[in-house]
Amino acid sequence: MSSETPSPEQPQTPVVVPLPDGSSATLRVGEAPTVDETVLAALRTLPAPEHQVASFAVHAFSGDSLTAGRVLVVEDLLVTVDDEPAPHGLLVAVPDARSLLVHAVRDEHVLRAAHLMATIARLRQGEADAIDADVFYRAPDGTPQRITAHADAEVEVHVEGAFADTLAAMGLIDRSRRARRAAKRAKR
């Protein structure tokens with residue numbers, strides 16, 4: 001890997017997930033995915049995947065080769081295992097076709113959850129059906145934003161754009177001019 005730190009805002013390869021009809025859906029940063037309603041209905045009717053909850057309330061779903069495709073109906077999947085609403089959006093990762101990682105953005109654990117999810121996703125990139133090593137913030141409107149980057153052995157979580165706006169609205173970060181200047185001085 002390069003020693004240069006990649007930014008999630010740089011053009012990146014779209015994420016492609018398999019669908020029940022044999023086709024695939026392409027998830028592009030900044031664009032809500034458009035998929036035929038019959039395909040989404042087919043995803044909703046699939047048998048429930050295995051589910052575990054890891055540290056920092058990371059939901060790990062695993063199952064068949066269509067598990068990652070459930071990212072398109074992730075709210076429906078999450079409601080089957082977590083009855084709390086997720087009005088601030090979700091963190092999602094699709095390490096490979098057989099797994100989906102999800103964290104509801106609700107509290108101060110969100111950055112730790114993103115780091116854990118990116119670490120797991122990166123470890124799974126050796127799988128034959130690997131998809132992507134990064135974590136995405138999925139806004140309430142379904143628009144994805146890549147929030148992690150991998151530099152050598154490190155995972156970086158980038159708090160920018162809509163993700164930063166959400167965390168600021170929740171009171172988890174301070175986006176004031178004073179806070180930005182203090183952070184700039186601390187880097188020196």
Side-chain angles (χ1 to χ4, degrees), residues 1-18 24-31 33 52-63 65 67-72 74 88-139 143-168 170 172-175 179-188:
M1 287 197 136
S2 165
S3 61
E4 240 179 81
T5 303
S7 167
E9 299 303 318
Q10 293 173 344
Q12 308 239 347
T13 305
V15 175
V16 179
V17 294
S24 59
T26 303
L27 308 176
R28 290 184 170 77
V29 172
E31 297 177 21
Q52 295 180 342
V53 180
S55 299
F56 310 114
V58 172
H59 295 271
F61 296 95
S62 60
S65 62
T67 302
R70 293 171 190 245
V71 70
L72 298 169
V74 69
H88 303 293
L90 303 169
L91 299 185
V92 296
V94 285
D96 57 70
R98 294 172 286 110
S99 60
L100 172 62
L101 304 173
V102 182
H103 173 79
V105 177
R106 294 188 182 120
D107 57 30
E108 69 279 358
H109 296 297
V110 66
L111 297 179
R112 289 185 176 108
H115 192 274
L116 174 64
M117 292 167 69
T119 301
I120 293 168
R122 186 174 189 174
L123 291 172
R124 296 198 51 98
Q125 292 311 289
E127 299 294 319
D129 56 358
I131 294 178
D132 198 274
D134 285 318
V135 175
F136 296 82
Y137 167 64
R138 190 172 188 276
T143 306
Q145 174 189 344
R146 190 180 305 261
I147 63 163
T148 59
H150 299 271
D152 294 328
E154 298 296 316
V155 174
E156 294 180 353
V157 179
H158 293 256
V159 179
E160 302 167 341
F163 183 53
D165 293 343
T166 296
L167 297 185
M170 294 172 65
L172 298 176
I173 62 169
D174 183 356
R175 294 192 69 171
R180 288 192 307 268
R181 279 190 278 169
K184 198 173 194 179
R185 282 192 302 273
K187 283 185 179 180
R188 292 181 190 165

For residues 91-121, which residue pairs qualify under ring pair (Phe, Tyr, Trp, His ring centres under 6.0 Å), counting only residues two or more places apart or in two chains? F56-H109
Give the minimum heavy-atom separation between S65 and P18, together with the two atoms involved. O-CG, 3.1 Å
Could you list all the salt bridge (charged side-chain N to carboxylate O under 4.0 Å, His left out) pairs where at least one residue sits in residues 93-102, not counting sequence neighbours? D96-R124, R98-E127, R98-D129
Can you name the residues that form a side chain to side chain contact (heavy atoms under 4.5 Å, CB included) with A164, not counting sequence neighbours? V159, I173, R175
A149 to H158 - nearest heavy-atom pair and separation: CB-NE2, 3.8 Å
List the residues meeting side chain to side chain contact (heavy atoms under 4.5 Å, CB included) with S24, not counting sequence neighbours, and say none if there are none. V16
Hey, what do you get for CG (L100) to CE (M117), rounding to the nearest 0.5 Å? 8.0 Å
Let me confirm one number: the CD1-CG distance from I147 to L111, rounded to the nearest 0.5 Å. 7.5 Å
Any donor-acceptor N/O pair, Q52 side chain to S62 backbone, under 3.5 Å: no
Inter-residue atom distance I120.CD1 - L101.CG, 0.5 Å rounding: 5.5 Å
Might you confirm whether atom CZ of R112 has over 12 heavy atoms from other residues, nucleotides or ligands at distances under 6.0 Å? no
Residues forming a side chain to side chain donor-acceptor pair (under 3.5 Å) with T166, sequence neighbours excluded: Y137
Taking all atoms of both residues into account, what is the closest heavy-atom pair of I131 and A97, and its distance? CD1-N, 3.6 Å
Under 3.5 Å, side chain of Q125 to main-chain N/O of P95, donor-acceptor pair present? yes
Between the CZ atom in R106 and the CE atom in M170, the distance rounded to the nearest 0.5 Å is 9.5 Å
Those residues at least two apart in sequence (or on a different chain) that pass side chain to side chain donor-acceptor pair (under 3.5 Å) with R138 are E75
Closest non-hydrogen atoms of T148 and A118, given as atom of the first, atom of the second and distance, are CG2-CB, 4.0 Å
Calculate, to the nearest 0.5 Å, the distance between atoms CG and CG belonging to D107 and L172 respectively. 7.5 Å
Looking at every heavy atom in both A93 and V135, which two are closest together, and how far apart are they? CB-CG2, 4.2 Å
All heavy atoms of H150 vs all of A133, minimum pair found to be NE2-O, 2.8 Å
Candidate pair F136 and V71, rule side-chain contact (heavy atoms from CB on, under 4.5 Å), full reasoning: CA-CA 11 Å; F136 296 82; V71 70; over 6 Å; no
